[in-house]
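Heads up, the thing below is written out as C-alpha cells.
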Amino acid sequence: MKKYSLIFLLTILAASAFATTNNEVKLGISDFEVKTSVIAPQYHSELSKNVSDIFINIIKNSSHNIRIIDCRNSNSSEKYDYMLIGVITDVKNDNQISTDNKRKGGLFSPKFNVITTYSNTYEITIEARIIDAAKGNIISSITKTGGAESNFTVEFESGNMESHQKMLQEVIKKSNSMSSYAIKAACSGLADKIREFFSKEYVLVDEVQKNSVIINRGTDSGIEPEYFYRIFSEGEEIIDLDGKSLGRNDFNIAVVKVKKVYDNFCSCEILSGKSSSIHKGDRAEIITPQEADKLSNGKSKSKKH
C-alpha cells in the first residue's frame, strides 16, 4: 500500500512540474535601442546596455513563469515564444542652478561665501513591443517613464577653487545617481506591465493602515525608497460599435510614496487620498515624481489603459 501511495505521490509531483514547465513563457530580449537625440551617439551603447541589464535582472528576480532568453549572447540558440523589442524614446535632464552671496568678515576685510542651489529633474521613457515569435506580429505595446528629482544646496568660499571643484563633483555625483534611479524606476514599471500581460501578476495593495499601505512589490522587483505609486480602481471595459475593446478607464484613489522596502513588499506613506478609500486588492503602478505632484494637486483625475 505504501509503495502505491509513493508512486501516486511521485506521479502528482511530476504532473505538477510538467504543468509548471508548460506554463513557462520564453521571452527573448536583446539590447534596448536608443532613439533620442538628447543622448550623444557615443553614449548610446552604454545607456542601452545599462537599461537592458537592469530590466533583465528585474524580470529574472521577480517572475517565476517568464524565462529570459538573452539574445545578446551570440552563442545562444535557444528558441523563444515571444520577443521583446525595447526602445529608449526620450530622456529629459533639466538642471537649474541659482547662486547667492553671503558676506563674511569685517568691514575692511570682507569675504564672501557663494551659496549655490542645485535642482535637477531626470526622466527616461522606454517603449517595449512584444512580438509573437511564431506569427511575427506585435501583440502588445507598452510605454513606461521613470523619473527622479534632486534639490540640494552647497556653500563655499568665493575664489576658493578647491571648494568650487568639490561642489562640481557633488553635482556630477548627484546627477549620475538620479539617472540610475530613474532608469531603475522605468524598468521596474515596465517589468510590472510585462508580468501583468503574461501572467496577470498585478501590482496590488496588500494591506491598508492608518497613514500607510503595503504594496506587493519589493527589492525583488527593483523597488527602492522614494518611488511613487498611484493607487487606482478599474472602471468598466469600453467596447466600440464593432465589439472591439478600447481598454478601460481607471479612477485614481491615492498617491503614495515608498518608505521601507522588503524582499517581496514595500510600505508606503499616503501623500494624497484617504486610507478609508483604499482597499485591499486595489491596483497600483509606479509613476514619476512629476506625475505624483500633478495627481496630488488634483490636476489629473483618470487614465485610460
Side-chain angles (χ1 to χ4, degrees), residues 26-63 66-78 80 82-97 118-133 136-150 168-195 197 221-224 226-227 286-291:
K26 294 181 180 179
L27 182 64
I29 297 179
S30 58
D31 275 330
F32 283 48
E33 188 178 356
V34 181
K35 283 189 175 181
T36 171
S37 59
V38 177
I39 303 298
Q42 61 265 35
Y43 299 115
H44 282 196
S45 178
E46 181 183 353
L47 178 61
S48 171
K49 184 179 185 307
N50 190 16
V51 172
S52 304
D53 286 344
I54 291 173
F55 178 76
I56 288 173
N57 285 334
I58 290 174
I59 287 286
K60 283 182 176 179
N61 291 334
S62 63
S63 181
I66 300 177
R67 183 147 70 90
I68 296 298
I69 308 299
D70 194 342
C71 299
R72 299 177 300 175
N73 182 1
S74 58
N75 296 323
S76 176
S77 58
E78 190 171 1
Y80 45 81
Y82 303 92
M83 182 69 187
L84 186 143
I85 305 297
V87 180
I88 300 160
T89 59
D90 193 20
V91 173
K92 296 177 181 177
N93 191 11
D94 181 22
N95 299 310
Q96 294 183 0
I97 300 177
Y118 175 81
S119 299
N120 180 232
T121 301
Y122 189 98
E123 286 188 354
I124 182 168
T125 301
I126 304 173
E127 180 183 322
R129 294 180 180 180
I130 302 174
I131 298 173
D132 187 320
N137 60 311
I138 299 172
I139 57 175
S140 183
S141 183
I142 302 166
T143 301
K144 196 64 189 175
T145 299
E149 288 182 334
S150 177
L168 291 177
Q169 290 174 353
E170 183 68 17
V171 168
I172 294 171
K173 182 180 177 181
K174 288 278 187 180
S175 181
N176 290 338
S177 174
M178 283 184 56
S179 62
S180 298
Y181 198 81
I183 289 170
K184 196 171 182 183
C187 289
S188 295
L190 189 63
D192 285 336
K193 295 297 183 184
I194 299 297
R195 291 169 63 182
F197 179 80
S221 299
I223 304 305
E224 293 192 12
E226 307 300 311
Y227 278 8
I286 289 176
I287 57 176
T288 67
Q290 293 74 27
E291 290 172 322

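Just so it is clear, the model here is predicted, and its values are computed rather than measured. Computed from heavy atoms alone, side chains included, the values below leave out hydrogens, waters and symmetry copies.
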Please round to the nearest 0.5 Å and tell me the distance separating atom CG of Leu84 and atom CD1 of Ile59. 8.0 Å

On a heavy-atom basis, the closest approach of Ala148 and Met178 is O-CE, 3.1 Å

I'd like to know whether Ile126 forms a side-chain contact (heavy atoms from CB on, under 4.5 Å) with Lys144, so could you lay out the CA-CA distance, the side-chain angles of the two residues, the decisive distance to 0.1 Å, and finally the verdict. CA-CA 5 Å; Ile126 304 173; Lys144 196 64 189 175; 5.6 Å; no

Given side-chain contact (heavy atoms from CB on, under 4.5 Å), test Asn93 with Val38 step by step and report yes or no. CA-CA 9 Å; Asn93 191 11; Val38 177; 5.8 Å; no

Compile the donor-acceptor pairs under 3.5 Å between side chains in residues 46-57 and protein atoms, sequence neighbours left out, one pair per line.
{"residue": "Ser48", "atom": "OG", "partner": "Phe32", "partner atom": "O", "Å": "2.4"}
{"residue": "Lys49", "atom": "NZ", "partner": "Asp53", "partner atom": "OD2", "Å": "2.7"}
{"residue": "Ser52", "atom": "OG", "partner": "Asp31", "partner atom": "OD1", "Å": "3.3"}
{"residue": "Ser52", "atom": "OG", "partner": "Phe32", "partner atom": "N", "Å": "2.9"}
{"residue": "Ser52", "atom": "OG", "partner": "Ser48", "partner atom": "O", "Å": "2.7"}
{"residue": "Asp53", "atom": "OD1", "partner": "Arg72", "partner atom": "NH1", "Å": "2.8"}
{"residue": "Asp53", "atom": "OD1", "partner": "Arg72", "partner atom": "NH2", "Å": "3.1"}
{"residue": "Asn57", "atom": "ND2", "partner": "Asp53", "partner atom": "O", "Å": "3.2"}

In this structure, CD1 of Ile223 is separated from NZ of Lys184 (nearest 0.5 Å) by 8.5 Å

What is the minimum heavy-atom distance between Gly146 and Ala186, and which atoms define it? N-CB, 3.5 Å

Can you give me the closest heavy-atom contact between Ile58 and Ala191, atom names plus distance? CG2-CB, 3.6 Å

With distance as the sole test, does Ser188 use its side chain to make a donor-acceptor pair with the main-chain N or O of Ser221 at under 3.5 Å? yes

Under the criterion side-chain contact (heavy atoms from CB on, under 4.5 Å), I'd like the reasoning laid out for Ile131 against Tyr82: C-alpha separation, chi angles, the key distance, then a yes or no. CA-CA 5 Å; Ile131 298 173; Tyr82 303 92; over 6 Å; no

Considering all heavy atoms of both residues, which atom of Gly28 and which atom of Tyr80 are nearest to each other, and what is their separation? N-CB, 3.7 Å

Rounded distance [0.5 Å steps], CD1 in Ile286 versus CD in Glu291: 11.0 Å

Taken to the nearest 0.5 Å, the spacing of Cys71 SG from Glu78 CD works out to 9.5 Å

Derivation of the side-chain contact (heavy atoms from CB on, under 4.5 Å) call for Gln96 and Asp94: CA-CA 7 Å; Gln96 294 183 0; Asp94 181 22; 3.7 Å; yes

side-chain contact (heavy atoms from CB on, under 4.5 Å) filter on Glu149, not counting sequence neighbours, yields Thr121, Pro289, Gln290

Mind checking the NE2-OG1 spacing from His44 to Thr36? Nearest 0.5 Å is all I need. 7.0 Å

With sequence neighbours left out, what residues match Phe197 under side-chain contact (heavy atoms from CB on, under 4.5 Å)? Ile130, Ile139, Ser140

Is the backbone of Gly147 close enough, under 3.5 Å, to the side chain of Lys92 for a donor and an acceptor to pair up by distance? no

Working to the nearest 0.5 angstrom, can you tell me the gap between Ile183 CD1 and Ile88 CD1? 7.0 Å

Are any side-chain N or O atoms of Tyr227 and backbone N or O atoms of Ala185, one a donor and one an acceptor, separated by less than 3.5 Å? yes

